[in-house]
2 protein chains.
Amino acid sequence: MTANTAHGGRAPSMQDVARLAGVSLGTVSHALNKPEKVSERSLQKVRTAVEQLGFVPNSAARSLAAGSSTTVGLVLTDIDNSLFVDIARGAEDEARKSGHALLLANSDIDLGRQESYLDIFDEARVAGILFTPMNASLEGVDRVRRHGRRIVLVNYAGGRQDCCAVLSDEEYGGYLAARHLIGLGRRRLLFAGGPEEFYAIKERRNGALRAVTEAGNVTMEVIPSRRLKSDEGRKIAAAVADRPAGQMPDGILSPSDRIAAGVIHELMARGLQVPDDVAVIGYDNNHFTTEAAISMSTVSQDGHLMGAEAMAILLDEIRNPDHEHRVLTLKPQLVLRESTLGPNGRPRPEEDRRAGMAPANPAPL
Amino acid sequence: MTANTAHGGRAPSMQDVARLAGVSLGTVSHALNKPEKVSERSLQKVRTAVEQLGFVPNSAARSLAAGSSTTVGLVLTDIDNSLFVDIARGAEDEARKSGHALLLANSDIDLGRQESYLDIFDEARVAGILFTPMNASLEGVDRVRRHGRRIVLVNYAGGRQDCCAVLSDEEYGGYLAARHLIGLGRRRLLFAGGPEEFYAIKERRNGALRAVTEAGNVTMEVIPSRRLKSDEGRKIAAAVADRPAGQMPDGILSPSDRIAAGVIHELMARGLQVPDDVAVIGYDNNHFTTEAAISMSTVSQDGHLMGAEAMAILLDEIRNPDHEHRVLTLKPQLVLRESTLGPNGRPRPEEDRRAGMAPANPAPL
DNA sequence: AACAGATTTTGAAGCGCTTCATCTGGATCA
DNA sequence: TGATCCAGATGAAGCGCTTCAAAATCTGTT
């Protein structure tokens, strides 16, 4: 356990290392950062001194001198939604490959926090920022970019093209979900939940609508909700469960797994069979969907891939001088489980086959 | 949208602001940090200049000059376990109250990452670190403390007393869970899952054992598992489900909600009734437990409170020169739901009443 | 009008590191 | 042998900010 031989109370600095190693300050810096530029002899002396002093580089000083730091920041919307956890992991895995550390900030669906964390990363002069913005508010993006900060948007981009982004085709996801239900023979659909102001939700609804229109003899009702939590799903299910047989929806699609879980719960509590009476499909492929009342069909956006791609793009923007902005839109995939297929994974109609399905249990629990 | 009037490509510095405002560098600094020390006139001039330049302070330079930064780091074990999400939120709420920002790092149950994030926060000279260590490895703690970094351990402390910590009484949690099952009349318990090397799990098992011993006519079998995921629960349930009636456990307690969910799933798939045939209780009160196959009884550690208390202690350590190290151990609470009480929240035996129960749905989903 | 005391402002000295122009000491070659 | 190179090492100039002693300005008194 190497002793801390620095004088005074302060942590040992490179100057201390230099003194102890009997070389100049610059040599220590080189030894630490570009060892190939330094003779084996000096390298050894420096290493020994570092060890002996328990020297830890001061990253504030390094960032200041170098002009920018090497860590990357990720501002997350909601750490409690496993999609974002997946994004964080994807980003981290990719960052790690090239020696960058990833620091997270959770805005918890709060616009103020979101902006303030953006500023914190900006003030820290991070190498780059990954940002999953909430609806509205992209002003922070412009602000930090004006300071030269590189930023890649993930999951939402408010339609801007002047900035790198990795998105999910929300409209297509809604389309897939509705087509799946229709393919199962469902004709009275319900689009359950979601504040319609959210871009993603509007898109998913539009996609569902497109499938309905294509099918012809299908109707789709829409009951929005203020939030995306499961109790809202319960309320919605309660509101339709009492209807006479011919009026009940026979297929429910929800823009969030949580709402779908609430719907399923409430339906089952009222004695209805899922999926026999009503098939239900969620959205996001949250980790808990395998544990839900009955395992839940859902639309999966590959969060890990989104995070990894976004980080790759960001790193390119950082390192490649002739980087060009690009927007990558990933296609979501159906993940079919009991809430639409039933306990035996009943053979499903032809139509679904073509709709691009992912294996049923992609996310290891 | 204020134009960036700085010369060259670089971001405007305080020097630029000073020049534009027609005051000295020091005055700008004061205006920004202790406005009460500066005349109204200068304050206005500085503010205008800041606005006009779109000036953003460089936190690297600030940390360097001031000797330490104002942000606090939290190294999390597993961002995918909602207990840690709760801890992060509690910590963040508390930090925010006193103007500190919280940056997260997710070690993803990887010792190497854990250490490396500790170092990153150390190198960044953060004001303090909150750390939820995995089993073993506390060497990082000593390392960063040697550099003067303040650190508070959360959820696990490896028995050290020389360092602030906020813990949960794991033994008592196990005791509560087992006592609850015993109180329901269960006599053949099964402690299902968990690598026994984990301190928390060993403790919970010990607590359960204590309840069993106290009760007298109760047995408890232990089947460990390598990980804490739901498929391990499935395996364990499968392994006992085929036993003849008298040999089947009638109460299963698991050291993780995930395993418990797997257990419940598998039991139900094999036609067994939960809780009638087997009552099941988990641990952690993860957010998904309300959505599980049947809503799950569990032992709740109040993550939000743990995070908030830990942050409060850390802030005291940062600000209060005669801070004394303290270890705070919180008592976990029972959260009783269907997986032990049945669908109607069947009246429960007297014994549980005294055992300190939390309201049934404390965590809003 | 002159002065002590309080209030503001100033300027300079770092904080610990990177970087770059310079300098050194061999090795290489004619 | 002396001129030429070149890998390595050096030292100093910042990076943008905080802080503090010293200077300047403003109060209220006498």
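Letters A, B, ... mirror the listed sequences (proteins, then strands); counts begin at 1.
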Visitor: Taking the side chain from B:Thr132 and the backbone from B:Leu153, do they hold a donor-acceptor pair closer than 3.5 Å?
Guide: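 Here the side-chain-to-backbone pair does not exist.
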Visitor: With heavy-atom distances below 4.5 Å as the criterion, would you say the side chains of A:Thr71 and B:Glu123 are in contact?
Guide: no
Visitor: For DNA chain D, whose closest nucleotide is more 5', that of A:Leu25 or that of A:Arg41?
Guide: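 Checking each residue's closest nucleotide, the 5'-ward one belongs to A:Arg41.
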Visitor: Taking the side chain as C-beta and beyond, is there a heavy-atom pair between A:Leu118 and A:Phe131 under 4.5 Å?
Guide: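 Heavy-atom side-chain distance check passes, below 4.5 Å.
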Visitor: Considering just the side-chain nitrogens and oxygens of A:Ser29, establish if one lies under 4.0 Å of OP1 or OP2 belonging to C:dT19.
Guide: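 For C:dT19, OP1/OP2 do not have a side-chain N/O of A:Ser29 under 4.0 Å.
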Visitor: Both B:Leu64 and B:Lys37 contact DNA chain C. Which one's nearest nucleotide lies toward the 5' end?
Guide: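 This one resolves to B:Lys37.
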Visitor: Please figure out whether B:Ala61 or B:His30 has its closest DNA chain D nucleotide nearer the 5' end.
Guide: B:Ala61
Visitor: Taking any heavy-atom pair under 4.0 Å as a contact, classify A:Gly26: base, sugar-phosphate, or nothing.
Guide: base
Visitor: Do any N or O atoms of the protein come closer than 3.5 Å to N or O atoms of nucleotides 24-28 of chain C, and which pairs are they?
Guide:
none

Visitor: Indicate yes or no: does B:Arg96 engage B:Glu92 in a salt bridge with an N to O separation below 4.0 Å.
Guide: yes
Visitor: Using a heavy-atom cut-off of 4.0 Å to chain B, what are the terminal contacting nucleotides of DNA chain D, in 5' to 3' order?
Guide: D:dG16 to D:dC20
Visitor: Test of understanding: with side-chain contact (heavy atoms from CB on, under 4.5 Å), list the residues that count as partners of A:Ala49, not counting sequence neighbours.
Guide: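 Result, side-chain contact (heavy atoms from CB on, under 4.5 Å) vs A:Ala49: A:Val17, A:Leu20, A:Ala21.
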Visitor: Please answer whether the main-chain N or O of B:Ser107 pairs with a side-chain N or O of B:Asp110 as donor and acceptor at a distance below 3.5 Å.
Guide: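 The answer is no, because no donor-acceptor pair under 3.5 Å joins these two groups.
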Visitor: How close or far is atom C1' of C:dT8 from atom CG of B:Leu43, stated in whole angstroms?
Guide: 12 Å
Visitor: Looking at side-chain heavy atoms only, is the closest gap between B:Met311 and B:Lys97 below 4.5 Å?
Guide: no
Visitor: Between A:Asp16 and A:Arg19, does any NZ, NE, NH1 or NH2 come within less than 4.0 Å of an OD or OE carboxylate oxygen?
Guide: yes
